[in-house]
Peer 1: 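Take this structure first; my questions come after.
Naming: A, B, ... by sequence-line order, numbering from 1 per chain.
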Amino acid sequence: MSRAGRSLLLWLLAMLAGAAIVWNSRFTADMSFFLPAHPTAEQQVLVDQLKEGAVTRLLMLAIEGGDAKQRATLSRDLRSRLEKMSEFVSVQNGEAISQNADREFLFQHRYLLSPAITPERFTVAGLRTAISDSIDLLASPAGMMLKPLLQRDPTGELVELLSRLNAGSQPNSSEGVWASRDGERAMLLVQTRALGSDTDAQEAAINALRSQFAASATSTGLTSTKMQLSGPGLFAVNSRATIKDEVTRLSLISTLAIVGMLFFVYRSFRLLTLGLLPVVSGALAGVVAVSLVYGTVFGITIGFGSALIGEAVDYSIYYFVQSGRNGLADWRERFWPTVRLGVLTSVCGFGALVFSGFPGLAQLGLYSLSGVLTAAIVTRFLLPQLTGNDIRMRDLAPLGRLLESGIHHIHGLRWPILALALAAAVTLFIDREDLWNPELSALSPVSKADQDVDMALRADIGAPDSRFLVVIRATDREAALQAAEQTSLRLDVLVSKGQIDGYDSPARFLPSQASQNARRASLPTTADLRPNLQAALKDSPLSDKKLEAFIADLEKARQAPALERETLNGTSLALAVDALLMQNPAGWSVLLPLRPGEQPIDVAELRTALAGSDALIIDMKTEFDKLYNDYLHEAMLLSLGGLLAIVALLAVTMRSGRRLLMVMLPLVLAVLIVIAGLHLIGERLHLLHLIGMLLIVAVGSNYALFFDRAASNHRLDPETLASMLIANLSTAIGFGTLALSKVPVLHAIGATVGPGAILALLLAAIFVPRETRS
Amino acid sequence: MINRFIGGLLLALLALPSYAAFDVGQLMADLAKHKGGKAKFVEKKYISLLDKPVLSTGEMTYTAPDRLEKRTLTPKPETLLLEKEMLSIEREKQKLSINLSNQPEALAFIDSIRGTLSGNRAALEKNYFLHLAGTTEKWVLTLLPSEPKIAALVVRITVSGSKNQIRSIEYLQADGDRSVMSIEPVEIK
């Protein structure tokens, strides 16, 4: 077998192995792209919530169209359909049935649930106070609910329990089902069985939901109604669809455009096919590297492939065009060192990202790094063997000479360009306060329309804005619930001081076994109760003779089994407990979301109140902002680090300050002009734009290096000039395609590097030292 | 339906003689002139389960046409505020707000007092048959629910007063319990 044949075989085997790895890789389009790789304890709570939290299993539904009665009919029909399906754990629409189930649970288990149950509650004095409070409540309209229960619950335990729930945040209701604030939509809340992170199952559940709604609308004859849906599951499904769609679309656009251009230039299928070998190898190697290092490949990473194609194809372009006239050996000697230096600057740029704590960014870095390196290696070592000296490249010298004369004419633009860059710098300096988008959501692939629907539904269903959370970790469920009860005592103080309006706790519906036992032990035997009751009610308008039902209920409660999580099944309270009590690999955690009162929550007060406990106070907004700021800060450091690495690499290779300056100047100017341009057309910059700046330098330096090489010892021949233009266009097409993306991460890099690459070449040509002009 | 018919007929018959001197329209016009004020109230609730009525006292402030505040002082402080369609109750540290437009039964109940206070005949007749007896100086307005859903809660509401001042309201509930509220205007000096 010939040497070329062996190399090709080796390459094929490597590709097959790569394909096998890719075939077995796990691809995802979920939130973990954005979640910190090395979270703090506070961030870990966010991560857990966003990945596994019960909230991620919630879907909000709104039915609009028709009148309130029709919507209510549909809401009831839909609920009865969904409830029978295994995809959904809970379906709530505010119907009395489900509320009755909750109330029935609270009433039936009131003596194990009520924190007011202590031995003192059943002494003569305790009974007297509790019962007279209940009688006083009958004087109030609020007592209407109590009246029918008075004989069974004279101490008002149900009232006690209900008073701790947040009645204020209940959704509105109309025609007996939940309605939006304006009454124009019926609202439902659905919990899927599948985890929010299981996008396939979420998609199946959402499709089931949609088809059930359609069936329900048809069977009730209300086809003019529409359903709106929102929730983390839908976001994940939509984001994945967007990313999938974009990966295909963008790669196709960029491939077609680049292949079209190359064919126009080469006019040879053979060269075109050979030229794409490094690209295919690079793209595959990128995925393989990511899959091997991270285990999971993000969809967005694959989406970045379109840019990689544009960058990786450059090397074969250089090879074909530049070696066309003088042959392979000449190319290796004269051009390869420059190409290699260009590869290394690109590697510095992408390599800097690998150190990011932002997993998405690190993947993009590793993917591009391995892709570019592989493409360069395949170009250098495999292509020459396949082509030999027989490249038969079309003569591109005429194009090169055209460019040469063009460069003559644009030299006069030096001062205007410097003035433009200065203006750009001044603009950026003046507007430095509003350059950046301060929100992490700027990176989110969730569309603005989806976010708006979510906000509206959230407000309509009265979902509390639980920005503040108190989180406690424990080794098992019992310890977690006990800790929740301990913390509740401290939070109660804040409630009584009016510093918070209230809080939610899973222990409210599922008290720790210790509390349940203590409460059960507080319940008197019938023999002990009777005389106390008689004494307590001596002068009361309520005679103890009317309270036999109460006595019977207490006796029943004394013998009732303990409450378990399963006892809550069939009530919406189960949902609340699951949302607030989570098991994770490290143990259990309890979440106590705080409800702000009239004033915003004072974190310092909160810290004081919880001092000495293990409770963690988390402000979701601060944490998200901090997370983003950390990313941004890190991205700045990485960009600077990458830039320094590139400068150091060039300095070591060139050993000339002036040459270094001449290479860097057009790149810096290009960055300034591009960023100012993006700002002026209204883009709010975020951290991916910052990364884009680094990539302008990393990728753009390739072109400046050819000019530098020309300046130092070789004349810049027309073929080289032509190859630079073609390579530059392919890079600009590759990155530019990303600018079309709806995914902010991809769009930002594309919008920055696409124009940046072209500018880098143009400015390098403008600033090329005069003495090299032929 | 037949009940409703008989009820209507009965009211028509009863209302007939008083047409000449003093009718619902005139009472409503008088009441509508009342722009608001403060009053003390004593409310007695007769509950079958209890041997004695439950007594509560406090103050009421009415500002025409749709703001009513009932501030209970004994036995437990409680503030009930009705403002347009929003009813809020504040008791101890509990605060509860209800949008009445979503609760037709409660709204009908509230309208009985609000409609009387503001002299809004249309609002009253939406849910009740009205019957007026007596003279301008001493009148008794009886409200009988026309909707079965409301009748399931309250059988009869009797409002009595003098000129444009309401002096007592009695609710007779469907379960036989009743409450009587006596109102004593506070002169503003």
Peer 1: Looking only at non-hydrogen atoms, find the nearest pair between A:S540 and B:D51 and report the distance.
Peer 2: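 Taking A:S540 first and B:D51 second, the nearest heavy atoms are O-OD2, 4.5 Å.
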Peer 1: Measure across A:D133 and B:K76 and return the closest heavy-atom pair with its distance rounded to 0.1 Å.
Peer 2: OD1-NZ, 2.5 Å
Peer 1: Among A:L138, A:I135, A:L542, whose side chain to side chain contact (heavy atoms under 4.5 Å, CB included) with B:I47 holds?
Peer 2: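 Passing option: A:L138.
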Peer 1: Would you say the side chain of B:L49 lies within less than 4.5 Å of the side chain of A:K546, judging by non-hydrogen atoms?
Peer 2: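 The answer is yes; the side chains approach within 4.5 Å.
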Peer 1: Which region of B:S48, side chain (C-beta onward) or backbone (N, CA, C, O), has a non-hydrogen atom less than 4.5 Å from a non-hydrogen atom of chain A, or is it both or neither?
Peer 2: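 Interface part for B:S48: backbone (N, CA, C, O).
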Peer 1: Answer yes or no: are there more than 12 heavy-atom neighbours, outside B:R156 itself, under 6.0 Å from its atom CZ?
Peer 2: no
Peer 1: Do A:K147 and B:K45 have side chains that approach each other closer than 4.5 Å (heavy atoms only, starting at C-beta)?
Peer 2: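 With C-beta onward as the side chain, the pair stays apart.
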